[in-house]
Amino acid sequence: MIIELKNLEKINIYAFQNDLISWFKQEQRDLPWRKDQDPYKIWVSEIMLQQTRVDTVIPYFNRFIEWFPTIEDLAKAEEDKVLKAWEGLGYYSRVRNLQSAVQEVSEKYNGEVPNTPEEIARLKGVGPYTAGAILSIAYGIPEPAVDGNVMRVISRVLSIWDDIAKSSSRKIFEKAVRQLISHEDPSSFNQALMELGALICTPTSPSCLLCPVRDHCQAFDEGVQNELPIKTKKAKTRDVQLAAAILMDENKKVLIHKRPSTGLLANLWEFPNVEIHHPLQKEREQIVELFQSSLDVNVKLERIIGQIQHTFSHLVWNIKVYSGTVISAFQESEEWKLVSFEEMEEFAFPVSSQKMLKLYHEYQIE
């Protein structure tokens, strides 16, 4: 795909760079990964920031770097501890890929993050955006780092009407950034585009009067800034009905289960649950039977303590939560453990299980 030159001919590129970078140096947020230009820290922050808000990421980033301050520390860490550090951020494949790639950097590149587009792109979980962010911010290499914020800004500045939801459109925006990027300070330029999209050039009601590059923006000039970018909606999510239980044994320990090593929420711990495919008439009895047939666990369900909903990118879990007891001798294994509430702190649970535990404690207080 080719961007028509008329989109760029209307812009004084040097003035655009200067206005954007000057604004960024004055107004940038004080973020922990901006304290230095350590490529490892930038890498960790960029992986965390995928599908996650900055305010949410900050405490996770600080803890993660405290636990794993160097590439070697993360490369050698036990996966359970890495998942615990990530607990609550979601999209856990991100951190598995990060650790796998860090191990490769440790072994193949003597712990130094590669500084060429070809080498860094080969690392697991490092796509074009992450590669561009690390190369430009850490190493000062003028590579584009195009995420949703950047596509939104560029679509308005250059009045680009291609659908940003289509993967094929990314090439258009990467080419545009390559032609606009400052070769003197690519780090500030790329960060400024991201910052502008996050703070000023927002998805709805952009703050055009505060925008440092308003004079260069073709969408503002044409009065169409609220119509851009073009973005088609994603397909609907699938609803899944689950029954889960917080089950105690005679010693007041709670039964927890480790999920399989592949698939959704791989290797995280959870409270036992089963999927319900059909409406249940004698619900409790049938759920007990499902626990026995699907999980090989004999249980007694006592009461419903509530319902929760948890949304993933492609599906929604609707979970009916029970309390109950394990009614037969239980053999612990790698996948099944009986733990106290205090011992749960050592295990990594997805947000859905954390919601269940909160519900259980609130129920007990009542």
Side-chain angles (χ1 to χ4, degrees), residues 1 3 7 20 23-24 27-29 31 33-34 42-58 60-61 89-91 93-94 97-98 121 125-137 143-181 186-208 210-213 217-220 224-237 311-314:
M1 295 184 184
I3 301 172
N7 287 354
L20 182 65
W23 168 80
F24 176 70
E27 304 293 337
Q28 64 176 294
R29 290 170 290 180
L31 302 174
W33 46 88
R34 289 179 176 164
I42 292 165
W43 187 3
V44 170
S45 71
E46 292 298 345
I47 298 299
M48 285 188 169
L49 287 163
Q50 293 170 13
Q51 292 112 357
T52 311
R53 293 172 57 86
V54 167
D55 291 346
T56 302
V57 164
I58 290 172
Y60 280 97
F61 174 84
L89 269 179
Y91 301 94
S93 61
R94 292 182 296 171
N97 290 339
L98 173 62
V126 176
Y129 165 75
T130 305
I134 296 169
L135 291 170
S136 61
I137 298 170
E143 280 290 311
V146 175
D147 66 354
N149 279 332
V150 170
M151 285 195 284
R152 182 168 60 255
V153 171
I154 297 301
S155 75
R156 288 169 175 163
V157 169
L158 295 181
S159 190
I160 296 175
W161 293 76
D162 294 85
D163 184 356
I164 68 169
K166 293 181 178 178
S167 57
S168 58
S169 298
R170 179 175 295 274
K171 295 293 182 186
I172 296 172
F173 292 94
E174 286 177 350
K175 183 171 181 180
V177 173
R178 281 192 190 280
Q179 295 180 67
L180 292 171
I181 196 168
S187 172
S188 294
F189 180 88
N190 275 347
Q191 290 184 85
L193 281 182
M194 299 171 201
E195 196 86 334
L196 189 67
L199 302 181
I200 304 290
C201 197
T202 50
T204 57
S205 304
S207 303
C208 295
L210 301 176
C211 180
V213 294
C217 181
Q218 293 173 37
F220 178 78
V224 294
Q225 66 270 19
N226 289 316
E227 298 174 42
L228 289 168
I230 300 298
K231 185 178 182 181
T232 54
K233 293 183 178 180
K234 292 182 179 179
K236 287 186 177 180
T237 54
T311 303
F312 298 90
S313 58
H314 60 297

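When reading the values below, keep in mind they use all heavy atoms of this one structure, side chains included, and skip hydrogens, waters and symmetry mates.
Partners of F220 under the ring-ring contact (aromatic ring centres under 6.0 Å, His included) rule, at least two apart in sequence or in another chain, do not exist in this structure. Checked against ring-ring contact (aromatic ring centres under 6.0 Å, His included), F312 has the following partners two or more places apart in sequence or in another chain: H310, W317.
Side-chain contact between Q50 and T130 is present, with at least one heavy-atom pair separated by less than 4.5 Å. Side-chain contact check for W43 versus I137: every heavy-atom pair is 4.5 Å or farther apart. With contacts defined as side-chain heavy-atom distances shorter than 4.5 Å, the pair I230/D162 does not qualify. Side-chain atoms of M151 and P229, non-hydrogen and from C-beta on, never get closer than 4.5 Å to each other. The shortest distance between side-chain heavy atoms of V57 and W33 falls below 4.5 Å. A 4.5 Å side-chain heavy-atom check between Y91 and S313 finds at least one atom pair inside the cut-off. Proximity of F61 to L31: side-chain heavy atoms (C-beta onward) are nowhere separated by under 4.5 Å. Looking only at side-chain heavy atoms (C-beta outward), P206 and R156 come within less than 4.5 Å of each other.
Residue D147 holds its CG atom at 7.5 Å from CZ of R170, rounded to the nearest 0.5 Å. Rounded to the nearest 0.5 angstrom, I154 CD1 and L228 CG are separated by 12.0 Å. Between L180 atom CG and L20 atom CG the span is 9.5 Å, to the nearest 0.5 Å. Between atom NZ of residue K231 and atom OG of residue S155 there is a gap of 11.0 Å, rounded to the nearest 0.5 Å. Put simply, CD on Q225 and OG on S205 are 10.0 Å apart, with the number rounded to the nearest 0.5 Å. Put simply, CG on L89 and CD on Q51 are 11.0 Å apart, with the number rounded to the nearest 0.5 Å.
A donor-acceptor contact shorter than 3.5 Å links the side chain of R94 to the backbone of M48.
Residues R152 and P203 approach most closely at NE-N, 3.4 Å, considering heavy atoms. Counting all heavy atoms, side chain and backbone alike, A133 lies closest to I42 at O-CG2, 4.3 Å.
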Do F173 and I164 pass the side chain to side chain contact (heavy atoms under 4.5 Å, CB included) test, and can you show the C-alpha distance, the side-chain angles, and the key distance before you say yes or no?
CA-CA 9 Å; F173 292 94; I164 68 169; 3.7 Å; yes

Please report, to 0.1 Å, the donor-acceptor pairs under 3.5 Å made by any side chain of residues 186-201, with sequence neighbours excluded.
unit_1 : atom_1 : unit_2 : atom_2 : d
S187   : OG     : Q191   : NE2    : 3.1
S188   : OG     : D185   : OD1    : 3.2
S188   : OG     : D185   : OD2    : 2.8
N190   : ND2    : S136   : OG     : 2.9
N190   : ND2    : E143   : O      : 2.8
Q191   : OE1    : R34    : NE     : 3.2
Q191   : NE2    : S187   : O      : 3.4
E195   : OE1    : R29    : NE     : 3.3
E195   : OE1    : R29    : NH2    : 2.9
E195   : OE1    : R34    : NH2    : 2.9
E195   : OE2    : R29    : N      : 2.9
E195   : OE2    : R29    : NE     : 3.1
E195   : OE2    : R34    : NH1    : 3.2

